[in-house]
> 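Quick one: this structure, given as structure tokens, is what I'll be asking you about.
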Amino acid sequence: MTDAVRRNQKRKPQQTTVQKAQAESQDVPHDSRCQASSWRRDVRRRLFAWFEDHARVLPWRSEPTPYRVWVSEIMLQQTQVATVLPYYERWMRQYPTVVDLANADEADLMRIWEGLGYYRRVRSMHAAAKRVVQEHEGKFPTDFDAVLALPGIGRYTAGAILSIACDQRLPILEGNTQRVFSRWAAMSLTPTETKANKWLWQFSEQLLPQHECGTFNQAAMEIGALVCTPKNPKCDECPIRQLCCTAAAGLQESIPGKITRVKYEDRMEFALVLSRKARGQECQEYLVRQLPNDARWAGLWDFPRPTEVETKTVDAAARWLEGELGTPVRVGARLKTIRHAVTKFRIQLHVHSASVNSKQTRSKLRDPLWRWVRQDDLANLPMSVTGRKIVHLLAQSEQSFLPLE
DNA sequence: AAACCGGGGGC
DNA sequence: GCCCCAGGTTT
């Protein structure tokens with residue numbers, strides 16, 4: 001079922017909108033003062049006035065076309081504004097239009113993205129751009145359902161793009177506004193809970209003005225980023241303070257409700273560094289592979305490291321590589337242990353040197369997924385954070401003439 | 001070092 | 001409805 005279909009089904013009302021809103025309001029604890037239209041009017045007025053004085057000057061705000069807003073929204077989904085800025089500028093120089101993006105080389109794209117993480121999102125953007133070219137004649141669609149149908153774009157992102165770039169009257173709900181709206185309304189459930197989430201979407205829609213919805217949505221997110229912060233909100237500076245049901249009740253510590261997160265999971269992983277002297281040159285070259293489409297880090301390059309199966313020992317990792325290459329692999333010294341935390345995993349990555357009889361690997365090495373690559377060429381391949389750390393490690397080893405074995 | 005952040009998609 | 005994604009910042 002597509003999102004568009006699901007949304008349409010949701011729209012098929014068995015109750016009127018008002019009845020439904022009342023039914024849901026009874027379930028979700030909040031302060032009823034925020035239901036008054038006069039309250040909403042005051043909030044809008046104060047928020048707009050505040051935003052006029054406090055809005056940050058950001059590159060995607062100067063010329064908010066759907067494409068530019070889209071790129072900024074995807075980058076901002078995972079990273080803070082300060083980090084995004086240089087990436088955004090580089091991206092826009094390289095791919096000023098959605099057509100340029102559609103024509104981009106995927107490895108170049110991922111190399112530009114390297115460091116932002118969550119690489120599936122770049123691939124989704126690339127695929128979406130191609131569809132914009134094929135299905136919308138290279139013009140980014142401005143119809144909500146058409147935008148929502150693009151890969152990597154959900155209800156939030158579609159609403160953000162079209163409200164900000166086209167001033168369509170569409171609500172948004174993301175991390176900042178979940179918290180801000182929860183506090184304004186003293187909605188005490190955990191905002192990600194299904195019932196609370198539905199309620200907040202509805203709240204967001206009711207709060208929207210008739211015009212300048214994009215400005216309103218940006219202002220709501222901006223105040224969440226600058227004033228109504230998760231810890232120690234700056235209520236003294238907040239223009240909504242007099243209207244805020246949480247501030248009135250002194251509940252800033254307990255609203256929004258805490259999101260229970262999955263526990264950390266310790267994991268041990270192994271990477272194998274196979275090197276050989278580059279033919280007719282001083283430098284070394286290393287065995288790397290491009291990860292297949294369905295794997296973790298799809299499209300990125302990596303040193304031999306089992307990602308499809310879990311391995312508990314370096315020997316198991318070596319046996320995995322033997323299966324991949326069809327030739328015996330000998331494990332050498334441990335070069336380093338890299339500690340790396342990502343999502344719920346705390347990973348100890350043991351990096352070992354290893355060797356094979358390279359004559360016997362020739363058949364597999366014709367496979368475009370496996371390649372011997374010179375140290376300085378590794379710089380041009382898109383890699384995960386840990387992969388890049390291994391490259392740095394090898395650069396240091398070469399510089400200090402430390403033998404790998 | 002631990003805790004926190006977070007939207008979209010696949011099933 | 002639940003789990004996955006594979007990285008950075010704050011405390």
Side-chain angles (χ1 to χ4, degrees), chain A residues 1-7 10 70 72-87 110 113-125 127-128 147-161 171-180 182 190-198 200-201 204 221 224-225 228-232 256-269 271 291 293-303 305-308 310 338-349 382-390:
Chain A
M1 201 188 330
T2 68
D3 279 338
V5 172
R6 191 175 297 132
R7 240 168 27 78
K10 211 185 290 175
W70 174 44
S72 72
E73 286 300 332
I74 300 295
M75 287 184 172
L76 287 166
Q77 271 173 19
Q78 49 205 357
T79 318
Q80 302 205 332
V81 169
T83 313
V84 162
L85 287 172
Y87 281 91
M110 298 188 85
W113 197 267
E114 195 184 290
L116 285 177
Y118 298 99
Y119 301 91
R120 172 174 298 182
R121 295 172 191 203
V122 196
R123 292 162 72 87
S124 293
M125 284 183 85
V147 174
L148 195 59
L150 295 173
I153 297 182
R155 185 176 178 188
Y156 161 72
T157 308
I161 294 170
I172 53 128
L173 189 67
E174 40 65 80
N176 282 310
T177 40
Q178 269 175 12
R179 180 176 65 255
V180 169
S182 294
T190 300
T192 51
E193 197 180 312
T194 309
K195 197 164 55 168
N197 182 263
K198 260 175 100 171
L200 285 167
W201 270 107
S204 177
M221 293 189 280
C228 197
T229 48
K231 294 241 162 95
N232 310 318
K258 288 228 184 303
I259 298 167
T260 54
R261 293 178 189 280
V262 259
K263 281 185 183 154
Y264 277 125
E265 197 176 304
D266 288 316
R267 193 162 283 192
M268 200 175 287
E269 292 190 357
L291 288 142
N293 273 331
D294 52 352
R296 182 210 303 182
W297 293 316
L300 297 184
W301 291 79
D302 196 17
F303 295 88
R305 154 163 43 167
T307 53
E308 296 91 338
E310 199 181 339
I338 295 172
R339 287 181 174 74
H340 176 65
V342 59
T343 62
K344 64 170 182 171
F345 300 111
R346 320 173 119 237
I347 298 159
Q348 276 189 28
L349 176 64
M383 288 187 152
S384 69
V385 166
T386 45
R388 189 59 64 196
K389 282 183 182 170
I390 295 176

> I need the CG-P distance between L349(A) and dG7(C), as an integer number of Å.
12 Å
> Is it the case that T190(A) and T192(A) place a side-chain donor and acceptor less than 3.5 Å from each other?
no
> Could a donor-acceptor pair under 3.5 angstrom be found where the side chain of R155(A) meets the base of dG7(B)?
no
> Out of dG7(C), dC4(C), dG8(B), which has the shortest distance to the side chain of Q77(A)?
dG8(B)
> Identify which nucleotide among dG6(B), dG7(C), dG7(B) has an atom closest to any side-chain atom of R179(A), counting heavy atoms from C-beta outward.
dG6(B)
> Checking side-chain polar atoms at under 3.5 Å, does E174(A) have a donor or acceptor matched by the opposite partner on T177(A)?
yes
> What's the CD-C1' distance between E265(A) and dC3(C), to the nearest Å?
12 Å
> Taking the side chain of P230(A) as its heavy atoms from C-beta onward, which of dA6(C), dC5(B), dT9(C) lies nearest to it?
dC5(B)
> Pick the closest DNA chain B nucleotide for L150(A) and for L76(A) by heavy atoms, then say which residue is nearer the 5' end.
L76(A)
> Looking at E269(A) and R296(A), does any basic side-chain N land under 4.0 Å from a carboxylate oxygen?
yes
> Just to be sure I follow the notation: if a pair is Watson-Crick (purine N1 to pyrimidine N3 plus N6-O4 or O6-N4) or a G-U wobble (N1-O2 and O6-N3), each under 3.5 Å, what dot-bracket string does DNA chain B give, with | for pairs to another strand?
|||||.|||||
> When the C1' atoms of dC2(C) and dG6(B) are compared, how many Å lie between them, rounded to an integer?
16 Å
> By ring pair (Phe, Tyr, Trp, His ring centres under 6.0 Å), which residues pair with W301(A), not counting sequence neighbours?
none
> Students often get this wrong, so: under 4.0 angstrom with heavy atoms, is Y156(A) touching a base, only sugar-phosphate, or nothing?
sugar-phosphate
> Please work out if R296(A) contacts a base, only the sugar-phosphate, or nothing of the nucleic acid, heavy-atom cut-off 4.0 Å.
base
> State which residues pass side-chain contact (heavy atoms from CB on, under 4.5 Å) with Q77(A); sequence neighbours excluded, sorted by chain then number.
I74(A), R121(A), T157(A)
> Any salt bridge linking R346(A) with E265(A)? Criterion: basic side-chain nitrogen under 4.0 Å from a carboxylate oxygen.
no
> Among the nucleotides dG6(B), dT9(C), dC4(B), which one has an atom lying closest to any side-chain atom of Y264(A)?
dC4(B)
> Which atoms form the tightest heavy-atom contact between P382(A) and G299(A), and what is the distance?
CG-O, 4.4 Å
> What is the distance, rounded to the nearest whole Å, between atom CZ of R123(A) and atom C1' of dA6(C)?
14 Å
> Quantified in whole Å, what is the P atom distance between nucleotide dC11(B) and nucleotide dA6(C)?
15 Å
> Quickly work out the D294(A) CG to dC11(B) P distance and round it to whole Å.
11 Å
> Respond yes when some side-chain nitrogen or oxygen of R346(A) is under 4.0 Å from OP1 or OP2 of dA1(B), and no when none is.
no
> Please compare L116(A) and K231(A) by the position of their nearest nucleotide in DNA chain C and report the one closer to 5'.
L116(A)
> Of A298(A) and Q80(A), whose closest DNA chain C nucleotide lies nearer the 5' terminus?
A298(A)
> Heavy atoms from C-beta onward define the side chain here; which of dA6(C), dA2(B), dG1(C) lies closest to that of W297(A)?
dA6(C)
> Which atom pair, heavy atoms only, marks the closest approach of R179(A) to C228(A)?
NE-O, 2.7 Å
> So, for W113(A) and Y118(A), which heavy atoms are closest and what is the spacing to 0.1 Å?
NE1-O, 4.0 Å
> With heavy atoms under 4.0 Å as the rule, sort T83(A) into base, sugar-phosphate or nothing.
sugar-phosphate
> Of all the nucleotides listed (dA6(C), dA2(B), dG8(B)), which has the minimum atom distance to the side chain of T157(A)?
dG8(B)
> Rounded to the nearest Å, what distance is computed from the CZ atom of residue R120(A) to the P atom of nucleotide dG7(C)?
13 Å
> Give the rounded distance in Å between these two atoms: CZ of R388(A) and P of dA6(C).
17 Å
> Would you kindly give the CE-to-P distance between M125(A) and dG7(B), to the nearest whole Å?
17 Å
> Please report, rounded to the nearest Å, how far the P atom of dG6(B) is from the CG atom of L173(A).
11 Å
> Check every strand shown and say whether T79(A) touches a base, only sugar-phosphate, or nothing at a heavy-atom separation below 4.0 Å.
nothing
> Going by 5.5 Å between centroids and 30° between planes, is there a stack of F345(A) over dA6(C)?
yes
> Select base, sugar-phosphate, or nothing to describe what I259(A) touches, counting heavy atoms under 4.0 Å on all strands.
nothing
